[in-house]
Amino acid sequence: MAIIFDLGRVVVSWDPVGIVSAVRGPQGAAELAERLFNHPDWLEVDRGTLSLHTMARQAQARTGLSAADNLAILQAVPASLLPDPAMVALIEELHGAGHALYALSNMGHASIDWLERQDFWRFFSGKVVSARVRMMKPEPDIYRYLLVSFDLQAEECLFIDDSPANVAAAEALGLRGLVFTDAPWCRQHLVEQGLLPA
């Protein structure tokens, strides 16, 4: 079985409010994170079609911050993407059980460049990242790209993501899907599917 993992909020942390709080302090952090990250521009960063510098400049009106202050927040994102030790242990266990592991993530260039330094990649057979292919989940083409790139059959794949929409898109193409909540629940599901020993 090929097991395909999303990265943010599954394998690594993704906490926009925490990022803003770390750079600017907690006051108003939730509202600022909403204005900065819950916007089409951030999706274009993930798609690889917009630079962080341009996004920082374009965000000035909606955040009330200077381009430099916006950029400081955006540039703090990569180092905030911390691997979840429980998930890394699960990934190692799955690798040891003989499963081929892949990553499929919506992520910008700076974030994946940073994350590639992490040790957990030694358990993965490959990855597809939105910024590098100019496609994004839940667009069907990015799932097809992954399947073709690594010669995978959809019915022999399990896709794990915290976004129900992303999982539904995978299932529409014939992959098995699992909406992620946390590492213990994920492991239990894998045991129930016969992919790991109890």
Which atom pair, heavy atoms only, marks the closest approach of [X] to [Y]?
X	Y	answer
S130	M136	CB-CG, 3.7 Å
A76	V23	CB-CG2, 3.6 Å
E116	W121	CA-NE1, 3.5 Å
P78	Q75	CD-O, 3.5 Å
A30	V17	CA-CG2, 3.9 Å
P138	A165	CB-O, 3.8 Å

Any carboxylate oxygen within less than 4.0 angstrom of a Lys/Arg side-chain nitrogen, looking at [X] and [Y]?
X	Y	answer
E155	R176	no
R132	D113	yes
D69	R24	yes
K137	D6	yes
E139	R47	yes

Test of understanding: clusters of I, L, V, M, F, W, Y form through side-chain heavy atoms closer than 4.5 Å, transitively. Do [X] and [Y] belong to the same one?
X	Y	result
M135	F150	yes
F124	F180	yes
M1	L175	no
L115	L74	yes
V129	V77	yes

Using a 4.5 Å cut-off on heavy atoms from C-beta on, say whether the side chain of [Y] contacts that of [X].
X	Y	value
M55	N70	no
L65	Q60	no
L178	V167	no
L158	Q193	no
L147	Q153	no
P16	V20	no
V128	V133	yes
C157	I3	no

Enter the distance from [X]:[atom1] to [Y]:[atom2] here, rounded to the nearest 0.5 Å.
X	Y	atom1	atom2	result
D84	R9	CG	CZ	13.5 Å
E34	R62	CD	CZ	10.5 Å
M87	R187	CE	CZ	12.0 Å
L52	W42	CG	CH2	6.0 Å
N106	L43	CG	CG	8.0 Å
D46	I112	CG	CD1	11.0 Å

- Message: Using the rule given for ring-ring contact (aromatic ring centres under 6.0 Å, His included), can you reason through Y143 versus F159, listing the C-alpha separation, both sets of side-chain angles and the distance that settles it, and then say yes or no?
- Response: CA-CA 10 Å; Y143 301 89; F159 176 63; 5.6 Å; yes

- Given the rule in the side chain to side chain contact (heavy atoms under 4.5 Å, CB included) test, do V11 and I91 qualify, once you have shown the distances and angles that lead to the verdict? CA-CA 9 Å; V11 179; I91 285 164; 3.9 Å; yes

- Message: Counting neighbours of OH on Y145 that are heavy atoms of other residues, nucleotides or ligands and sit closer than 6.0 Å, is the number greater than 12?
- Response: no

- Item | Within 6.0 angstrom of Q27 CD, more than 12 heavy atoms from elsewhere | no

Under the 3.5 angstrom rule, does the side chain of [X] hit a backbone N or O of [Y] as a donor-acceptor pair?
X	Y	result
W14	S80	no
T54	L50	no
R35	T63	no
S13	L82	yes

- Under the side chain to side chain contact (heavy atoms under 4.5 Å, CB included) criterion, do I73 and L36 qualify, and how do the steps go? CA-CA 9 Å; I73 297 168; L36 197 57; 3.6 Å; yes

- Kindly indicate, with the supporting measurements, whether the criterion side chain to side chain contact (heavy atoms under 4.5 Å, CB included) is fulfilled by H189 and L195. CA-CA 9 Å; H189 182 87; L195 300 173; over 6 Å; no

- Task: Starting from the C-alpha separation in whole Å, work towards a yes-or-no answer on side chain to side chain contact (heavy atoms under 4.5 Å, CB included) for I160 and C186.
- Result: CA-CA 9 Å; I160 300 171; C186 184; 4.0 Å; yes

